[in-house]
Amino acid sequence: MTVRTRIAPSPTGDPHVGTAYIALFNYCFAKSQGGEFLLRIEDTDQQRSTAASEQAIFDSLRWLGLDWDEGPDVSGPHGPYRQSERSEIYREHCEQLIAAGHAFRCYRTPAELDTLREARREAGGHTALKYSDLKLDDAENARRAAAGEPYVIRMFVPEDDGHCEIDDMLRGKIELEWGQVDAQILLKSDGLPTYHLANVVDDHLMEITHVLRGEEWINSAPKHKLLYQYFGWEMPVLCHLPLLRNPDKSKLSKRKNPTSINYYKRMGFLPEAMLNYLGRMGWSMPDESEKFSLETMIAHFDITRVSLGGPIFDVEKLRWLNGLWLREDCSPEQLADRLQAWALNRDTLMKMIPHVQSRIEVFSDLAPLAGFFLSGMLPLTPASFESSNLEEEELLTLLQCAAWRLEALNDWQRDAIFAEIKSLADGLGIKLKDFMPPLFIAIAGTTSSISVVDSMEVLGPDMSRARLRHAVEVLGGVGKKRLKKLEKRYQQACEARA
């Protein structure tokens with residue numbers, strides 16, 4: 001048997017370090033067994049999926065050195081490798097399940113579902129809905145079908161209080177209550193599959209033998225096991241890896257740590273150091289050495305050495321490790337080459353020059369004017385914002401809401417960025433002349449710079465968003481109490497815009 005693993009990210013935003021972490025362990029497991037590693041794009045969320053995000057996944061994984069044997073851009077015998085191109089496959093499999101009595105069409109409306117869940121909650125039971133909760137009488141079912149009302153296809157799940165046993169490579173046998181498992185939607189009303197159906201069908205048809213994924217999918221494992229049984233297929237071996245954690249042990253999130261792989265690339269981390277650090281997330285070399293290459297990790301890889309304690313992703317530790325790689329593995333000539341390839345290259349300069357050429361008289365004017373393009377986090381303090389006409393609370397609201405609005409922006413072009421900023425300023429009731437200076441400071445460290453929207457376009461989404469979040473922290477951050485207030489204000493601003 002050839003070991004085959006996969007990574008299946010969604011192209012809905014910046015490529016996440018958690019994706020790289022899971023990809024690394026799948027890659028190392030496959031290669032250590034002489035197997036194959038696949039890339040599959042889970043783009044069934046058509047509203048949020050973008051070609052730019054997909055390309056960012058390709059670029060970031062290749063930057064790290066995690067190439068794939070089969071995938072959307074390299075083809076292979078098990079394609080297509082984008083779920084959006086496999087819709088007919090999923091529909092055919094859903095029809096098989098309905099014909100075999102393992103799935104049903106559900107015409108329940110969102111309002112009805114809310115009512116059913118609330119009734120279960122008041123009764124003190126699980127809110128997972130079963131067929132017995134969802135079924136309509138035959139006449140009503142026929143009426144809704146004849147009227148062409150929208151429906152989803154759901155799977156039948158056990159309605160008893162028994163348990164489902166899941167075998168896990170790291171955790172042994174896991175028991176999960178069927179009472180917590182709902183009649184999962186398999187095919188949405190738009191004809192596209194949910195993760196659960198697509199994941200099972202694709203893994204089987206692509207001959208995946210081992211699924212290494214985050215522990216957040218443990219509760220979904222009974223649904224997947226049931227689907228394999230319904231189809232009469234052998235289930236891949238499961239391995240649920242521990243989630244990456246912030247230093248305070250909370251789940252890794254961009255609110256507390258930069259999570260975009262592109263951010264670390266843009267900051268000037270070496271891909272070798274980044275992979276090395278991710279390899280230490282819950283795993284260790286037999287000799288406990290901290291610094292090792294991808295090739296060395298593969299040569300010594302043993303999945304049983306993964307610790308189930310939540311690995312801490314500490315940027316300061318990553319910086320220390322990156323420093324080791326810079327000093328120990330780069331000669332002066334190699335370091336010069338790496339620096340040039342990182343940011344002192346023609347492509348980077350050509351992005352900057354149109355914005356600075358009219359402002360310089362000698363070459364040495366470039367550094368003070370455009371140095372922020374080559375910087376990481378800027379040395380901001382609360383005093384940096386003293387020139388603003390806004391009170392500190394309003395400043396914090398402005399910057400946090402701007403970060404939220406721009407995190408949802410897929411079209412990272414200057415006009416689109418400005419439109420979002422203008423719309424947000426209007427929604428918050430802040431004049432644009434008061435709204436823009438704090439953004440200038442957060443992005444460039446000064447208001448005496450080129451256009452802030454041009455700057456954000458050149459910097460890119462990952463660094464721009466990280467600098468906005470950094471500015472929020474500089475001004476005191478957003479605690480739980482303040483967060484609720486800000487979320488309400490932001491929602492009101494969005495509704496005003498609508």
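One finds no salt bridge joining Arg305 and Asp302 here, because no Lys/Arg side-chain nitrogen approaches an Asp/Glu carboxylate oxygen to under 4.0 Å. A salt bridge is absent between Asp59 and Lys265: the closest approach of a Lys/Arg side-chain nitrogen to an acidic carboxylate oxygen does not fall below 4.0 angstrom. Between Glu457 and Lys351 there is no salt bridge, since no side-chain N of the basic residue sits under 4.0 Å from a carboxylate O of the acidic one. Electrostatic pairing of Glu159 and Lys130 does not count as a salt bridge here, judged by no charged N lying under 4.0 Å from a carboxylate O.
Qualifying salt bridge (Lys or Arg N to Asp or Glu O under 4.0 Å) partners for Asp67, counting only residues two or more places apart in sequence or in other chains: Arg62. For His204, the ring pair (Phe, Tyr, Trp, His ring centres under 6.0 Å) partners two or more places apart in sequence, or in a different chain, are Trp233. Here Ala471 pairs with Leu380, Phe385, Leu399, Ala442 under the side-chain contact (heavy atoms from CB on, under 4.5 Å) rule; sequence neighbours left out. In terms of the salt bridge (Lys or Arg N to Asp or Glu O under 4.0 Å) criterion, residue partners of Glu54 (sequence neighbours excluded) are, by chain and number, Arg82. Qualifying salt bridge (Lys or Arg N to Asp or Glu O under 4.0 Å) partners for Asp462, counting only residues two or more places apart in sequence or in other chains: none. Among residues two or more places apart in sequence or in another chain, the side-chain hydrogen bond (donor to acceptor under 3.5 Å, both in side chains) test is passed with Glu95 by Arg105. Remark: Lys173 pairs with Asp167 by the side-chain hydrogen bond (donor to acceptor under 3.5 Å, both in side chains) rule, at least two apart or across chains.
Ring to ring, Trp325 and Phe269 are not that close: their centroids are 6.0 angstrom or more apart. Between Trp63 and Phe58, the distance separating the two ring centers is not shorter than 6.0 angstrom. The aromatic ring centres of Tyr490 and Trp404 sit less than 6.0 Å apart.
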Criterion side-chain contact (heavy atoms from CB on, under 4.5 Å) on Thr44 and Tyr195, from CA distance to verdict: CA-CA 8 Å; Thr44 55; Tyr195 166 85; over 6 Å; no
Could you go through Val478 and Leu486, starting from their C-alpha distance and side-chain angles, then the distance that decides it, and tell me whether this counts as side-chain contact (heavy atoms from CB on, under 4.5 Å)? CA-CA 9 Å; Val478 180; Leu486 279 176; 3.7 Å; yes
Salt bridge (charged side-chain N to carboxylate O under 4.0 Å, His left out), that's the test. Do Arg465 and Asp14 meet it? Break it down for me. CA-CA 11 Å; Arg465 293 163 179 160; Asp14 297 338; 3.1 Å; yes
Start with the C-alpha distance between Val201 and Tyr90, add both sets of side-chain angles, then the distance that settles side-chain contact (heavy atoms from CB on, under 4.5 Å), and finish with yes or no. CA-CA 7 Å; Val201 171; Tyr90 306 130; 4.2 Å; yes
Tell me, with the steps shown, if Val211 and Met235 meet side-chain contact (heavy atoms from CB on, under 4.5 Å). CA-CA 10 Å; Val211 173; Met235 188 174 186; over 6 Å; no
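Using modelled atom types, one finds a donor on one side chain and an acceptor on the other under 3.5 Å when comparing His240 with Arg213. Donor-acceptor pairing under 3.5 Å is lacking for the side chains of Asn276 and Glu272. At a cut-off of 3.5 Å, with distance as the only test, a side-chain donor of Ser250 or Asp248 sits close to an acceptor on the other residue. Counted by atom type alone, Tyr81 and Glu70 present one or more donor-acceptor pairs between their side chains at under 3.5 Å. Side-chain contact annotation: Trp217 with Asn199, donor-acceptor N/O pair under 3.5 Å absent. If you check the side chains of Thr446 and Ser449, you find no donor sitting under 3.5 Å from an acceptor.
Side chain of Arg6 to main chain of Phe37: no donor-acceptor pair is present (N/O by atom type, distance under 3.5 Å, no hydrogens or angles). Under a 3.5 Å cut-off, the side chain of Asn246 and the backbone N or O of Lys249 do not form any donor-acceptor pair. Not one N or O on the side chain of Gln229 forms a donor-acceptor pair closer than 3.5 Å with the backbone of Leu226. Side-chain atoms of Arg4 come within 3.5 Å of backbone N or O of Met206 as a donor-acceptor pair.
Ring geometry for His196 against His224 counts as tilted: the plane angle lies between 30° and 60°, on a 0 to 90° scale.
For the atom pair OG (Ser49) and CD (Glu42), the distance works out to 10.0 Å, reported to the nearest 0.5 Å. Taken from CD in Gln96 to CZ in Arg91, the straight-line distance is 13.0 Å, to the nearest 0.5 Å. How far CD1 of Ile7 is from CD1 of Ile57: 9.0 Å, rounded to the nearest 0.5 Å. Between atom OG of residue Ser464 and atom CD1 of residue Ile417 there is a gap of 6.5 Å, rounded to the nearest 0.5 Å. Note that the CZ atom of Arg86 and the CG atom of Asp202 stand 4.0 Å from one another [nearest 0.5 Å]. Summarising the geometry, atom CG belonging to Leu294 is positioned 6.5 Å from atom CG belonging to Leu24; distances are rounded to the nearest 0.5 Å.
Under the salt bridge (Lys or Arg N to Asp or Glu O under 4.0 Å) criterion, the residue pairs touching residues 238-247 are Glu215-Arg245, with sequence neighbours excluded. Listed by first and then second residue, the side chain to side chain donor-acceptor pair (under 3.5 Å) pairs that reach into residues 312-323 are Glu290-Lys317, sequence neighbours excluded.
Residues Thr5 and Val3 have side chains in contact (heavy-atom distance under 4.5 Å, counting atoms from C-beta outward). At least one side-chain heavy atom of Tyr264 sits under 4.5 Å from a side-chain heavy atom of Leu318. Tyr21 places none of its side-chain heavy atoms less than 4.5 Å from the side chain of His16. The shortest side-chain heavy-atom distance between Lys291 and Asp329 falls under the 4.5 Å cut-off. The side-chain heavy atoms of Leu459 and Arg467, taken from C-beta on, include a pair separated by under 4.5 Å. The shortest distance between side-chain heavy atoms of Trp68 and Leu61 falls below 4.5 Å.
Summarising the geometry of Tyr277 relative to Ile312, their closest heavy-atom pair is OH-O, 3.4 Å, with the distance given to 0.1 Å.
Within a 6.0 Å sphere centred on CD of Gln47, other residues, nucleotides and ligands contribute 12 heavy atoms or fewer. Within 6.0 Å of CD on Gln46 lie more than 12 heavy atoms contributed by other residues, nucleotides or ligands.
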Without placing hydrogens or testing angles, list every side-chain donor-acceptor pair under 3.5 Å for residues 27-34, not counting sequence neighbours.
unit_1: Lys31; atom_1: NZ; unit_2: Asp69; atom_2: OD1; d: 3.4
unit_1: Lys31; atom_1: NZ; unit_2: Asp69; atom_2: OD2; d: 2.8
unit_1: Ser32; atom_1: OG; unit_2: Cys28; atom_2: O; d: 3.0
unit_1: Ser32; atom_1: OG; unit_2: Phe29; atom_2: O; d: 2.9

Cut-off 3.5 Å, no hydrogens considered: what does the side-chain donor-acceptor table look like for residues 407-414, sequence neighbours left out?
unit_1: Glu407; atom_1: OE2; unit_2: Arg469; atom_2: NH1; d: 2.9
unit_1: Trp412; atom_1: NE1; unit_2: Met456; atom_2: O; d: 2.9
unit_1: Arg414; atom_1: NE; unit_2: Asp454; atom_2: OD1; d: 2.6

In residues 179-192, what donor-acceptor pairs under 3.5 Å come from side-chain atoms, sequence neighbours left out?
unit_1: Asp182; atom_1: OD1; unit_2: Lys223; atom_2: NZ; d: 3.2
unit_1: Gln184; atom_1: OE1; unit_2: Lys223; atom_2: NZ; d: 2.6
unit_1: Asp190; atom_1: OD1; unit_2: Leu192; atom_2: N; d: 2.9

